[in-house]
Amino acid sequence: MMLGLNHQSTGQRPDEELELEANYISFETDTRKGSWSTRRLTIRSWMLLAALIFGLPLLFETSTHLVHQCPLSSETRDQMRRERQKMDMFWDQVEALHCTTYGTRGYTAYLANLPINYPDRIEACKETMLEIRGRSYFPDRCEDKGPGVVMGRWEVNHNEPDCVPFWGWYKDKGCTSEGSGKRRFEHFLENLPAGGDWREFCATTPVSFHGMHFPGAKSCFQYNRGTYGEWEVEDSTC
């Protein structure tokens with residue numbers, strides 16, 4: 001007579017049950033591992049986000065400081081020049097001043113369309129041309145008058161007829177002294193510009209006489225509101 005045996009009587013479990021239990025344990029372990037991996041990924045993401053939030057302002061401030069401290073490259077200058085052209089900066093309130101020297105007059109003007117907070121206003125002044133009497137010139141000097149206000153100065157020596165005095169009549173004053181070998185000549189300066197420095201124009205107004213050319217008088221003086229120049233030239237008869 002055969003007896004029917006089962007796992008309860010023998011104390012042993014079927015292989016199918018053991019395999020199912022092993023698969024369940026493995027799945028639970030993988031799930032826990034995945035959960036920890038997800039947590040680690042989330043923590044890293046928050047750390048990266050915090051670094052970006054707190055680090056970007058410092059990076060921007062440092063970069064801005066370096067930009068202002070380091071010399072501008074030619075490429076950067078070209079870009080700034082194009083930006084100024086886009087803003088259509090130009091010279092306004094152009095004023096002709098008095099004559100400063102022979103054939104030269106001073107001019108001033110203010111840069112227009114300059115934003116009040118524009119940081120490189122002196123550079124903008126230096127690179128903006130002004131047309132004066134048919135020619136274009138960069139400023140000789142730029143003066144920063146405060147936010148949004150820059151003045152340019154020019155010294156123009158082209159086509160300024162009112163700044164061109166000339167030497168009129170002259171006198172031969174004779175030998176400077178006996179045996180000096182030098183003779184003195186005296187000229188009268190005509191057409192002295194109003195407001196001009198008579199000493200400056202006397203010293204810079206050219207003259208030619210007796211086959212010689214001089215860029216200006218050797219010495220100057222005024223007499224009866226007139227300006228005179230003097231020259232001493234070599235003369236063997238003296």
Side-chain angles (χ1 to χ4, degrees), residues 80-81 84-85 87-116 118-173 184-233:
M80 292 172 62
R81 186 180 299 110
R84 284 194 290 275
Q85 291 172 351
M87 287 186 283
D88 293 328
M89 293 184 188
F90 63 94
W91 292 107
D92 194 15
Q93 303 178 49
V94 180
E95 183 179 359
L97 307 179
H98 60 269
C99 300
T100 57
T101 188
Y102 178 80
T104 304
R105 184 184 296 276
Y107 288 84
T108 60
Y110 288 87
L111 196 59
N113 273 5
L114 178 65
I116 193 170
Y118 192 76
D120 301 299
R121 47 186 175 265
I122 292 297
E123 289 298 323
C125 170
K126 291 179 179 179
E127 297 181 0
T128 304
M129 302 185 80
L130 171 65
E131 184 175 330
I132 302 175
R133 295 190 179 275
R135 291 188 181 182
S136 295
Y137 303 90
F138 288 111
D140 294 309
R141 298 188 307 278
C142 294
E143 299 178 8
D144 192 339
K145 300 295 185 179
V149 183
V150 174
M151 184 176 72
R153 290 186 178 273
W154 291 259
E155 297 287 333
V156 178
N157 59 0
H158 167 70
N159 195 19
E160 296 290 347
D162 293 337
C163 299
V164 181
F166 58 92
W167 296 104
W169 53 265
Y170 76 93
K171 291 180 179 178
D172 181 351
K173 305 293 287 186
R184 181 181 289 115
F185 291 90
E186 183 179 290
H187 278 257
F188 178 75
L189 188 62
E190 303 270 8
N191 197 37
L192 181 65
D197 184 347
W198 64 270
R199 293 183 181 86
E200 175 68 23
F201 283 93
C202 178
T204 59
T205 300
V207 65
S208 297
F209 60 90
H210 286 286
M212 297 174 290
H213 180 78
F214 302 91
K218 296 296 184 182
S219 61
C220 303
F221 67 94
Q222 280 196 314
Y223 178 74
N224 286 340
R225 297 184 180 181
T227 301
Y228 298 82
E230 289 185 326
W231 291 259
E232 291 182 1
V233 298

Of all heavy-atom pairs between [X] and [Y], which one has the smallest distance, and what is that distance?
{"X": "Tyr107", "Y": "Ala96", "result": "CE2-CB, 3.4 Å"}
{"X": "Gly152", "Y": "Pro139", "result": "CA-CB, 4.4 Å"}
{"X": "Cys99", "Y": "Asp162", "result": "SG-O, 3.8 Å"}
{"X": "Asn113", "Y": "Met89", "result": "O-CG, 3.7 Å"}
{"X": "Gly226", "Y": "Phe188", "result": "CA-CE1, 3.8 Å"}
{"X": "His187", "Y": "Gly168", "result": "ND1-O, 3.6 Å"}

Inset, instruction - Carefully, step by step, assess Glu200 and Thr100 under the rule side chain to side chain donor-acceptor pair (under 3.5 Å). - result: CA-CA 8 Å; Glu200 175 68 23; Thr100 57; over 6 Å; no

Inset, instruction - Please say whether more than 12 non-hydrogen atoms of neighbouring residues, nucleotides or ligands are located less than 6.0 Å from CZ in Arg133. - result: yes

Inset, instruction - Verify whether one side chain among Thr227 and Gln222 offers a donor that lies under 3.5 Å from an acceptor in the other. - result: yes

Check for a donor-acceptor pair, side chain of [X] on one end and backbone N or O of [Y] on the other, with a separation under 3.5 Å.
{"X": "Trp154", "Y": "Phe138", "value": "yes"}
{"X": "Asp144", "Y": "Gly146", "value": "yes"}
{"X": "Arg121", "Y": "Val150", "value": "no"}
{"X": "Trp167", "Y": "Glu190", "value": "no"}
{"X": "Asp92", "Y": "Tyr110", "value": "no"}

Can you tell me how far apart [atom1] ([X]) and [atom2] ([Y]) are? Round to the nearest 0.5 Å.
{"X": "Glu131", "Y": "Ser136", "atom1": "CD", "atom2": "OG", "result": "5.0 Å"}
{"X": "Arg141", "Y": "Arg153", "atom1": "CZ", "atom2": "CZ", "result": "5.5 Å"}
{"X": "Thr101", "Y": "Glu160", "atom1": "OG1", "atom2": "CD", "result": "12.5 Å"}
{"X": "Tyr118", "Y": "Leu111", "atom1": "OH", "atom2": "CG", "result": "9.5 Å"}
{"X": "Leu130", "Y": "Phe90", "atom1": "CG", "atom2": "CZ", "result": "11.5 Å"}
{"X": "Leu192", "Y": "Trp198", "atom1": "CG", "atom2": "CH2", "result": "10.0 Å"}

Inset, instruction - Determine, stepwise, if the pair Trp91 / Thr128 fulfils side chain to side chain contact (heavy atoms under 4.5 Å, CB included). - result: CA-CA 8 Å; Trp91 292 107; Thr128 304; 3.4 Å; yes

For [Y], is there an ion pair with [X] - N to carboxylate O distance below 4.0 angstrom?
{"X": "Lys218", "Y": "Glu230", "result": "no"}
{"X": "Lys145", "Y": "Glu143", "result": "yes"}
{"X": "Lys171", "Y": "Glu186", "result": "no"}

Inset, instruction - Report the C-alpha distance between Arg105 and Asn157 in whole Å, list the side-chain angles of each, state the deciding distance to 0.1 Å, and finish with yes or no for side chain to side chain contact (heavy atoms under 4.5 Å, CB included). - result: CA-CA 7 Å; Arg105 184 184 296 276; Asn157 59 0; over 6 Å; no

Inset, instruction - Could you give me the CA-CA distance, side-chain angles and deciding distance for Cys220 and Arg199, then say whether side chain to side chain contact (heavy atoms under 4.5 Å, CB included) is met? - result: CA-CA 7 Å; Cys220 303; Arg199 293 183 181 86; 5.5 Å; no

Legend entry - Check: Tyr137 ring centroid to His158 ring centroid under 6.0 Å: no

Legend entry - Between Trp231 and Phe209, ring centroids under 6.0 Å: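 For Trp231 and Phe209, the ring centres are under 6.0 Å apart.
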
Inset, instruction - Apply the test side chain to side chain contact (heavy atoms under 4.5 Å, CB included) to residues Tyr228 and Ser219: give CA-CA distance (whole Å), side-chain angles for both, the deciding distance (0.1 Å), then the verdict. - result: CA-CA 8 Å; Tyr228 298 82; Ser219 61; over 6 Å; no

Flag the pair [X] / [Y] as yes when at least one side-chain heavy-atom distance between them is below 4.5 Å, and no otherwise.
{"X": "Leu97", "Y": "Thr108", "answer": "yes"}
{"X": "Val164", "Y": "Tyr102", "answer": "yes"}
{"X": "Asn159", "Y": "Pro161", "answer": "yes"}
{"X": "Cys142", "Y": "Ile122", "answer": "yes"}
{"X": "Phe185", "Y": "His210", "answer": "yes"}

